[in-house]
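Please read the structure below before turning to the comments.
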Amino acid sequence: MKSIFMTPKNSLAELYDQLKKFHLSDGLYVIGAVNAALKYGTLQPVRENIPDWVWVWLQARGRSEQDRRSLSIAFSRMARFLLLSSANDYKGIFLDLNNPAVGKAYNQVINLEELDESLGENTLSKFSLYFNRIGQIQFPLQASKKTIIGRGFLLFHKLVLATPTNYDFDKKFKEYFGLNLIEFMSTGFAMWILSNGTLDYEIKNEIKELKHVITLETQRIFLSLSCGTPQRYRELVRGIAWKTPHKLKDMYALEPLTIMPAVKVEKSSKLSSTTYVIPQAKYLLDRASSGIFYLLGDKEKELAESEGKKGRNPFRNAFGAVYRAYVGEHLSIPGRHNFIDLDNDFVQTNGKLPDFAIVQEDICILFEVKTSLLNIDARTYFEKQTLEKEVKAGNIQKAINQLMDFKQKILLGQINDARFSQITTVVGIIVGYEDIFSINSILLPMLDTLNGAMVDNLQFASISDIEAIGSAIDQKLNIIELLQKKVASPAERQWSIATLFHKDMDHRNSVLDQAFDEFIIKMGVPDFAGKSV
């Protein structure tokens, strides 16, 4: 916080003027090499396939875990702005980390003027908006690699097999993209291991443990689904006016590297013409796990629109059941509470039910699971008008009504089930899939205005919050008491649920740990189990 108030700020135009001096692909490679040294986590850097001069530089400037974490976040941000600047592969100097010009660019990135003066709001509101936006970019970079892999394997292997739906996930993925789901996940995982800031289309896999996991063909298919040019990157951020800087989009639009972690090299004297640069290897893991959701969802949307059936998406319909099962896997971890699956362990003749309840003594927590809560613009830019429109319509109001109807029946003694007979307090939690780290702080004040006391005991959660609840149950915390106190506290009510538990536990989660271990066994690469954290 100190640097935000005490350090002179740089404009985006000033940053672009500095970055355009550098050769684009070579610069992305250097950034990728630094991040590759930290790909197993910032606790301990790794030297394998990292150039000596990059390693020496990192040893001098990344002495502590905090220093290394800051370097990784700032360099990942620098890669974004380097791609959005007018830097290209046909001119420019090498991004030598020891060059003062690189140090200047790095400082400009971390001291970039982030607040939009045109908003006309007070300073506190501007900072709140800034932290909401920047959190969507920074927090995912700090995610546990083990969680990313375990999440993907559980969702797109174990649960798609165990959950009855009318959609054959594996068959459809193979039909559309040429790999089955395990091949896609395994190849992405292997390429994450192989990456040292670059990957090559003619990949020579020299890690013997991976030779039975991936082939040249699977690598090429994965790369073709996960790559793009600098122009495509700019188009994903800015749209058709991709040549023109746009401050809001450039600063906060969804990170295209989650879709295209590999960037095609156009021309370089240091890298071959078949090379892709990987500025942040972590995005290879995202592509191999959560990327499946977007690949299938976008493909089905495209097919429906080509057939004149806009709005049809059999993948998303089926995934709703899979994600519901994922939430249930975490809530049903044995703990202090009684877990109730309201679809399968409860008889109720009238009205639509929430998905799950957890009960302890006189407190009940209800969970209503929705795949989507906010559209892309709302959860990226957090602009008030867009959010209000989303809050007043669609999934959020439906979920609130569903929770409130069942809550009233519980409190009025209209539920013919002994497990609810002693309940005097009911908390409702609406669960979405995509991570929105500030969802309670942005939505609850709006709902207070629109719905009043009706939402006093309401919370929102994303997939990371559900995983945090699972970890808390696993570690025998009294989650019902903690959640009840959270909604009653003016200070804590608007925190994310994951934040509530962080101070009392570590990040172990038996569901995801088991899924990760099973993935490693299925791949047959036990030597990598300890590294991938």
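What you see is a predicted model; the values in this text were computed from it and never measured.
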Notebook entry, point to check: Aromatic rings Y326 and H330: how do their planes relate, parallel, tilted or perpendicular, breaks at 30° and 60°?
Noted result: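 Plane angle between 30° and 60°, so tilted.
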Using 30° and 60° as the class limits, which term best fits the ring planes of F189 and F519: parallel, tilted or perpendicular?
->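 Plane angle over 60°, so perpendicular.
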| query | Under the criterion ring-ring contact (aromatic ring centres under 6.0 Å, His included), which of Y176, F319, F315, F184 is the partner of F169? | reply |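 Considering Y176, F319, F315, F184, a ring-ring contact (aromatic ring centres under 6.0 Å, His included) with F169 is found only for F315.
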message = Run the salt bridge (Lys or Arg N to Asp or Glu O under 4.0 Å) test on K171 and E175 for me, step by step, so that the C-alpha distance in whole Å, both residues' side-chain angles and the decisive distance to 0.1 Å come before the verdict.
response = CA-CA 6 Å; K171 182 180 177 181; E175 176 187 337; over 6 Å; no
Decide, yes or no, whether a salt bridge links [X] with [Y] under the criterion of side-chain N to carboxylate O below 4.0 Å.
{"X": "E305", "Y": "K309", "value": "no"}
{"X": "K174", "Y": "D170", "value": "no"}
{"X": "E300", "Y": "R316", "value": "no"}
{"X": "D343", "Y": "R324", "value": "yes"}
{"X": "E368", "Y": "K370", "value": "yes"}
{"X": "D250", "Y": "R238", "value": "yes"}
{"X": "R312", "Y": "E307", "value": "yes"}

Q: Spell out, as yes or no, whether a donor-acceptor pair under 3.5 Å connects the side chain of S195 to the backbone of M191.
A: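 Answer holds: no.
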Taking all atoms of both residues into account, what is the closest heavy-atom pair of A498 and S464, and its distance?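 Where A498 meets S464 most closely, the heavy atoms are CB-O, 4.5 Å.
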Inset, instruction - Could you check if a side-chain atom of M251 sits within less than 4.5 angstrom of a side-chain atom of L12, using non-hydrogen atoms only? - result: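 SC-SC contact between M251 and L12 confirmed.
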* At what distance, to the nearest 0.5 angstrom, does OG of S144 lie from CD1 of I149? ->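 One gets 8.0 Å once the value is rounded to the nearest 0.5 Å.
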Q: Would you kindly say whether Y233 and E255 are connected by a side-chain donor-acceptor distance under 3.5 Å?
A: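 Present: a donor and an acceptor within the cut-off.
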**Asked** When the aromatic ring centroids of Y106 and W57 are compared, is their separation below 6.0 Å?
**Response**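 For Y106 and W57, the ring centres are not under 6.0 Å apart.
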Q | Exceeds 12 heavy-atom contacts within 6.0 angstrom, atom CG of N166 | A |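 Not more than 12 within 6.0 Å, no.
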